[in-house]
Amino acid sequence: MEYNFGEVEKKWQEKWAADKVYKTSIVEGKPKYYVLDMFPYPSGAGLHVGHPLGYIASDIFSRYKKLKGFNVLHPMGYDAYGLPAEQYAIQTGTHPAITTELNLARYREQLDKIGFSYDWDREVRTCDPAYYKWTQWTFIQLFNSWYNKQLDMARPVSELITAFETEGNAAVPAVCNETPVFSASGWKQMSEKEQQEILMNYRLAYLAETAVNWCPALGTVLANDEVSEGYSVRGGHPVERKKMKQWLLRITAYADRLLEGLNTIDWSESIKEIQRNWIGRSEGGSMRFEVMNLPLSRFGGGGTSKTEIEVFTTRPDTIFGATFMVLAPEHELVSKITKPECRKKVDTYLSWAKNRSERERMTEVKKVSGEFTGAYAINPFTNQPIPVWIADYVLMGYGTGAIMAVPAHDSRDFAFARHFSLPVVQVVNKPGHEATDPVTWDESYDSKEGIMINSGFITGMQVKEAISSVIRESEKRGIGTGKINFRLRDAIFSRQRYWGEPFPVYYKDGMPYTLPEDQLPLQLPEVDAYLPTENGEPPLARAKNWKTSEGYSLETNTMPGFAGSSGYYLRYMDPRNDKEYFSKEAVSYWQNVDLYLGGAEHATGHLLYARFWNKFLFDLGYTVTEEPFQKLINQGMIQGRSSFVYRVNPEKMAEYVLWERIKDNKLGVKFVQDYRDGNRKFDYFSPEAKLIIEVKKPKSLEKLVEPYTEYAESKGYKLLMIPMIDFIEPGIDKVVERIVAAIKGEDVPVYIEKKGLDPVPIFISKNYSGRENYSDALHVDINLVHNDMLDIEAFKQWQPHLNKSLFILEDGKYFCGSEVEKMSKSKYNVQNPDDLIERYGADTLRLYEMFLGPLEQSKPWDTSGIEGVFRFIRKFWRLFHDHDINFSVSGEAPIAAELKVLHKTIKKVQEDNERFSFNTAVSAFMICVNELTELKCNKRAILNELVVLVSPYAPHIAEELWQLLGNKGYVCNAVFPEYKPEFTVDNTFAYPVSFNGKMRFTLELPVDMPVLEIEKAVLAASEAQKWLGGLPPKKVIIVPRKIVNVVV
RNA sequence: GCGGAUGUGGCGUAAUUGGUAGCCGCGCCAGACUUAGGAUCUGGUGUCGUGAGACGUGGGGGUUCGAGUCCCUUCAUCCGCACCA
């Protein structure tokens, strides 16, 4: 029987499910291996072929590890909260849970058809109360923790309270928001509310008024990683800065550990680099500059209030070159220090800067703008007064929102100084160069290489030495310290949306408190609409009785998407536990994820939050490893390959084709195109033949016959009016014949009346020369195209208006064009896996997706190669069957050649699996099957092993053959065959013999032949004489079992 | 502008340690079979050249007996970041 993939695949999928073949449990003593796919969000569109690429790879690796004796954890579940379902709910009123449920079912159905080895008993969904109970629980732990810098870990807030009660906050080594210093007695005198407000500055989950990314279109705030270039990543809506009170996670406390941890994990360099950039650690110093002569009257009375501007700089060494200062427009000191005479201009600048969108600000980076405040500060090292400016190239969100400007050694400061004619002083000298007058410079010298000049006590030092000297001196004088600054911001954790986890938080006296853990989960309430209330409160404010049993009102924000996905890999270890997040036993056995597979788009979002989440739980003693994902592989994107048909513009085509026939004196007379005479314009005109030719639709021509004839007669010209339809019927040749006749002076009718045809679309095959001059490319559904050939009948049925289409073919075929683009519905290039499985089966799809190329590389999806893989599957099947396709294997002992093929393949496939080179492994299978077919090998001893080898890639056919071979149990529980080198060794080696590095011939010699004898044998070979040309060789290089190179 | 990655036949790719460039597959060409099909099988297929042979891994240069692989330089494409002090 010819291989019936449909039947076989269905059969085994059902058996696997019925027997729970992929159910996993802890087996003490057996080595574990945890393979995880990135949490999918099941959208309404279902899977396209790009999604399963990673799943297939991880499934192959899971199955392989299982064959190698590992206890493999390979779960799957869904990130089920998300904006699309909620947007749909807003539009239609359908509860997002319903939409989500539908999408999940469809997703699951598609996944099942591909034959994955997931343990579905471990499935989790973020929107399931049994799951989000633990998301809420983690939030409570964050709320009740603070970060101890000294111990470098999170500690309970209760410890903090004890410290405040005994010694106040001055000596507490915490990462916290700015908090006034208080003593133990000060703490005790505070009201509960005041104490809670203080504690809020320390908590790892805290409520604060901050500038947030507000997206009006989505009606919610977004985290930094959810915004790109001023637009929301999801949906592409504009985002603006807005001050709001929001929950935040103090991820910045972990900045250093998040950075350090990158050195311990096996991730691609590019993702690590993206994370490093995102964390943005920079080392430098913080320095305070005193502002001179403040207008004291503004503070009511002649106090001695000292105002200082604090700056952060990575180049404290250049302080002697700091000739002015710049504050961000939003800086709190701006209004305080601005002199009355400058106030008007400053205010104008402030309102201009404020009204500028984020977008404008980003695109106009190169435009220099700013305003002088009138104030001066003292450079603490030069003791010179330097002007204080405001400018929006200084960002409030980074450092202190103020800088000391060193125009000689910072390109932005340089541009600013030039624009406003501020002084530039050189303080670093380029090694090996003389100092020059900065007036002559075209750009600043930003390098960290050089010797200090004009710099007081650091003059003559190297930059590096100068940096530490200045920091030391600043610390001594109490005007600054060494400081490390991060670009990373705390993560905004509130969303003004319905479809997300409710916060386990209620408000008492305006202060937030967390619910007791035994009241979790706090379930998402029902609402009458998924929109904000009239007063702009989030949708949860619509819920009836959204209060605790004591009557305190509950938080109306919900958590963001990354809340549920940050710790899901932990929950898979023990997914049905209702007492704990996960048991101690489970986490100490499964530890962390060994192999994590997913797209690179989560580089700064999920992958950073999950690492933070895990580290926090590690500090609390729940997780057992610092890093959640040991090895990360980012599968490349699958792009779409669009197909095009070319719709002819008949008028343009007729003109183009005709011109090709009459231009360059081809008919013996010269023609010009687009001839003009006054207001009249004609398509072609030959002054020699006094002939005008006009090509148009019959309808247009009819109207023109009269005026044109009149005109032609008045000028003594001949006139030909050719309806476009003539080019198709009777055809271009007949048209040319008429023109030739007219040139010869024969009597040719001006216009032969013709009925215009109904306008039908005309499509021309791709390779007609000149086609691009008269046709437009239109996307055509890729399912109507095979190997770039259009299925014309199917195309006509595709859309009603194409029904009567005409085609201009090449060799009776219509060839389509193609282009690589994003896979999208509107481009008709979406390939859905179900169609391919229907036609070729899941095994072929799995093999083909792997065969496409290296896993991490992006590539266009092109089905033209799938036939080859399909052929391989059938050829593989035929190895086990005789001519009449009856199952037939022999029990005979295999011969050496067969064993060699098998073991060569075992070795290759094992190595390829280990290095995730699945494309080359598929090649190896093809080679193996080709060679065994050649050898007519149907021996059980060989084929049994081969089936195991193939099973991770093509599990269904492998399972069927495994059973036909008479084995007990499932092939997925078999043992990976052992490679035996003795079967692959040869006793001869075909040496490639090169002359001057160019391969000329091969020479078969015994493997163990000594070098000297090889040389003799090579030089004695008859082919060698030709290349030696009678001369003795200069040198002979022999690498045993590799190569011979003769230098002449 | 900065950072990262990638450039090999008509196409997807292979070459794991510096050692026969182009494996495997698609496509194409020729042939066989045939109930004409988008089936199967066989052979061929980097470029130029009738040929011996020459050339050939984006371009240029270098190291080496030998370079797709190492070094320098340059170009192109893709991705990420971008006033980050």
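Each chain gets a letter, A, B and so on, in the order the sequences are listed, and its residues count up from 1. All figures in this text were calculated on a predicted structure; none of them were measured in a lab.
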Using a distance-only test with no angle check, is there a side-chain donor-acceptor pair under 3.5 angstrom linking A:Tyr814 and A:Asp791? no

Looking only at the aromatic ring of each residue, does the gap between the centers of A:Tyr349 and A:Trp389 stay below 6.0 angstrom? no

Spacing between A:Asp317 atom CG and B:rA85 atom P, to the nearest angstrom: 14 Å

Value in whole Å for how far the C1' atom of B:rC81 lies from CG of A:Leu488: 15 Å

Every protein N/O lying under 3.5 Å from an N/O of nucleotides 14-20 of chain B:
residue : atom : partner  : partner atom : Å
B:rA14  : OP1  : A:Asn919 : ND2          : 2.8
B:rA15  : OP1  : A:Arg915 : NH2          : 3.4
B:rU16  : N3   : A:Glu911 : OE1          : 3.3
B:rU16  : O4   : A:Lys908 : NZ           : 2.9

Taking the side chain of A:Ile927 as its heavy atoms from C-beta onward, which of B:rC65, B:rC83, B:rC24 lies nearest to it? B:rC24

Cationic N near anionic O, under 4.0 Å, A:Lys908 to A:Asp912: yes

With 3.5 Å as the limit, what N/O pairs link the protein to nucleotides 55-59 of chain B?
none

Just the table, please: protein N/O against nucleotides 68-71 of chain B N/O, every pair under 3.5 Å.
none

How far does the P atom of B:rG53 sit from the matching atom of B:rC70, given to the nearest Å? 32 Å

From CZ of A:Arg418 over to P of B:rC83, roughly how many Å is that when rounded to an integer? 23 Å

Base-pairing mate for B:rA21 - Watson-Crick or G-U, with both contacts under 3.5 Å: none

Using both distances under 3.5 Å as the test, list the Watson-Crick or G-U wobble partner of B:rU57, or none. none

Any strand counts, and the cut-off is 3.5 Å on both contacts for Watson-Crick or G-U wobble. Which nucleotide pairs with B:rA14? none

For the pair A:Phe320 and A:Phe381, name the ring-plane relationship: parallel under 30°, tilted 30 to 60°, perpendicular over 60°. perpendicular

Searching all strands shown, indicate the nucleotide that pairs with B:rC70 (Watson-Crick or G-U wobble; both distances under 3.5 Å). B:rG62

Salt-bridged, A:Glu931 to A:Lys904, with N to O below 4.0 Å? yes

Send over the distance from A:Ile271 CD1 to B:rG80 C1', rounded to a whole Å. 9 Å

Which whole number of Å gives the distance between the C1' atom of B:rU20 and that of B:rA67? 14 Å

Answer with yes or no after comparing the ring centroid distance for A:Phe5 and A:Tyr840 against a 6.0 Å cut-off, counting only values under it. no

Hey, can you tell me if A:Phe416 and A:Phe420 have their rings parallel, tilted or perpendicular (30° and 60° cut-offs)? tilted

Consider the side chain of A:Tyr398, meaning its heavy atoms from C-beta on, and name the nucleotide among B:rG38, B:rG3, B:rA85 that approaches it most closely. B:rA85

If the threshold is 4.0 Å, N to carboxylate O, is there a salt bridge linking A:Lys907 and A:Glu911? yes

Please state the P separation for the pair B:rG25 and B:rA14 - nearest whole angstrom. 15 Å

May I ask which nucleotide in the shown strands pairs with B:rU77, Watson-Crick or G-U wobble, both distances under 3.5 Å? B:rA5

Taking atom P in both B:rC81 and B:rC71, compute the distance separating them and give it to the nearest angstrom. 28 Å

Separation of B:rA85 atom P from A:Arg281 atom CZ, nearest Å, is 13 Å

Ring-face cation of A:Arg878 near A:Phe880 (centre distance under 6.0 Å, axis angle within 45°): no

When we call it a touch if two heavy atoms are under 4.0 Å apart, what does A:Arg489 touch: a base, just sugar-phosphate, or nothing? nothing

In whole angstrom, give me the gap between the P atoms of B:rC55 and B:rG68. 13 Å

Do the side chain of A:Asp410 and the main chain of A:Ala405 share a donor and acceptor less than 3.5 angstrom apart? no

Side-chain N or O of A:Ser270 closer than 4.0 Å to phosphate OP1/OP2 of B:rC79: no

Here the salt bridge (charged side-chain N to carboxylate O under 4.0 Å, His left out) pairs for residues 1031-1048 of chain A, sequence neighbours left out, are none

In chain order, what residues pass the side chain to side chain donor-acceptor pair (under 3.5 Å) check against A:Glu934, with sequence neighbours excluded? none

So with a 6.0 Å cut-off around CD of A:Glu443, is the heavy-atom count from everything else above 12? no

Within the structure, does a side-chain N or O atom of A:Arg1000 lie under 4.0 Å from either OP1 or OP2 of B:rG53? no

Can you work out whether A:Ser858 or A:Gly399 has the more 5'-proximal nearest nucleotide on RNA chain B? A:Ser858

Please step through ring-ring contact (aromatic ring centres under 6.0 Å, His included) for the pair A:Phe870 and A:Phe872, ending with a clear verdict. CA-CA 5 Å; A:Phe870 190 46; A:Phe872 159 76; over 10 Å; no

Starting from C1' on B:rU40, measure out to CZ on A:Arg878 and report it in whole angstrom. 7 Å

Between A:Asp317 and A:Lys464, does at least one N-O distance fall below 4.0 Å, as a salt bridge requires? no

Strand partner of B:rA32, provided both Watson-Crick or wobble distances fall under 3.5 Å: B:rU40

B:rU45: pairing nucleotide in any strand, Watson-Crick or G-U under 3.5 angstrom: B:rG27

Tell me whether the OP1 or OP2 atom of B:rG38 has a side-chain N or O from A:Arg871 closer than 4.0 Å. no

Hey, is the side chain of A:Arg487 poking within less than 4.0 Å of OP1 or OP2 on B:rA82, counting only N and O atoms? yes

Which word best sums up how the rings of A:Phe61 and A:Tyr64 line up, parallel for under 30°, tilted for 30 to 60°, or perpendicular for over 60°? tilted

A:Tyr840 OH to B:rC26 P: how many Å, rounded? 12 Å

Within residues 928-936 of chain A, find the residues that approach RNA chain B with a heavy atom at under 4.0 Å, and present them sorted by residue number. A:Asn930

Taking atom P in both B:rU69 and B:rG19, what distance in whole Å separates the two? 11 Å

Return the 5'-most residue of the pair A:Asp862, A:Asn996 with respect to RNA chain B, ranking by each residue's nearest nucleotide. A:Asp862

